[in-house]
Amino acid sequence: MLLQSQTDVLELLPALPDRWSAGTVKGLKARGNVHIEKMEWNNSSIRQLILSSPQDQTIQVLSPSQLAGLSPQQEINGKYLYKIQLKANKIVKFVNKS
């Protein structure tokens, strides 16, 4: 599973099959009308995440790895919880170089 958004938290790579240790996906839509324009991962670690929304909103994202440029609100079972502010029709991009 690449994405789960059944609660108020958008969880990235919640149940990634071993065969998909690396990959890229584009064009997913999550609860709350959050668009995952692109998500790239390697060894179950987020390498690039690009989000957008048609309206201003603050979302919570649970990631299996840290996101560059952000400090997590908390760590939950080895995953990182972030609060991210989205502005209407603006792209938010996170790139991890390692």
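All values below were derived from every heavy atom in this structure, side-chain atoms included, with hydrogens, water molecules and symmetry-related copies excluded.
- Leu49 contributes atom CG, which lies 11.0 Å from atom NZ of Lys38 (distance to the nearest 0.5 angstrom).
- In the hydrophobic cluster analysis, where Ile, Leu, Val, Met, Phe, Trp and Tyr join through side-chain heavy atoms closer than 4.5 angstrom, Val92 is grouped together with Tyr80.
- Using a 4.5 Å cut-off between side-chain heavy atoms of Ile, Leu, Val, Met, Phe, Trp and Tyr, with links allowed through other members, Ile84 and Ile50 fall into different hydrophobic clusters.
- The side-chain heavy atoms of Ile91 and Ser52, taken from C-beta on, include a pair separated by under 4.5 Å.
- Leu3 contributes atom CG, which lies 13.0 Å from atom NZ of Lys29 (distance to the nearest 0.5 angstrom).
- Environment of CD in Glu75: crowded, with over 12 heavy atoms of neighbouring residues, nucleotides or ligands closer than 6.0 Å.
- Cluster annotation: Val34 and Met39 are assigned to the same hydrophobic cluster (Ile/Leu/Val/Met/Phe/Trp/Tyr, side-chain heavy-atom contacts under 4.5 Å, transitive).
- Here the CG-OG distance, from Asn89 to Ser53, works out to 8.0 Å after rounding to the nearest 0.5 Å.
- Scanning both residues, Leu86 and Ile59, for their nearest heavy atoms gives CD1-CD1, 3.9 Å.
- Scanning both residues, Ala88 and Pro54, for their nearest heavy atoms gives CB-O, 3.4 Å.
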Distance-only criterion, 3.5 Å: show the donor-acceptor pairs between side-chain atoms of residues 7-27 and protein atoms not counting sequence neighbours.
| unit_1 | atom_1 | unit_2 | atom_2 | d |
| --- | --- | --- | --- | --- |
| Thr7 | OG1 | Val9 | N | 3.2 |
| Glu11 | OE2 | Lys79 | NZ | 2.7 |

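- Note that CG of Leu62 is 9.0 Å distant from CD of Gln74, once rounded to the nearest 0.5 Å.
- Val95 is not connected to Leu67 by any chain of hydrophobic side-chain contacts under 4.5 Å among Ile, Leu, Val, Met, Phe, Trp and Tyr, and they are in different clusters.
- Under a 3.5 Å cut-off, the side chain of Ser5 and the backbone N or O of Arg31 do form a donor-acceptor pair.
- Here the CG atom belonging to Leu51 is positioned 13.0 Å from the CD atom belonging to Gln85, to the nearest 0.5 angstrom.
- Leu28 and Phe94 fall within the same hydrophobic cluster, defined by Ile, Leu, Val, Met, Phe, Trp and Tyr side-chain heavy atoms under 4.5 Å apart, directly or through other members.
- In this structure, the side chains of Gln66 and Asn96 stay at 4.5 Å or more apart for every pair of heavy atoms.
- Rounding to the nearest 0.5 angstrom, the gap separating the CD atom in Gln73 from the OH atom in Tyr82 is 10.5 Å.
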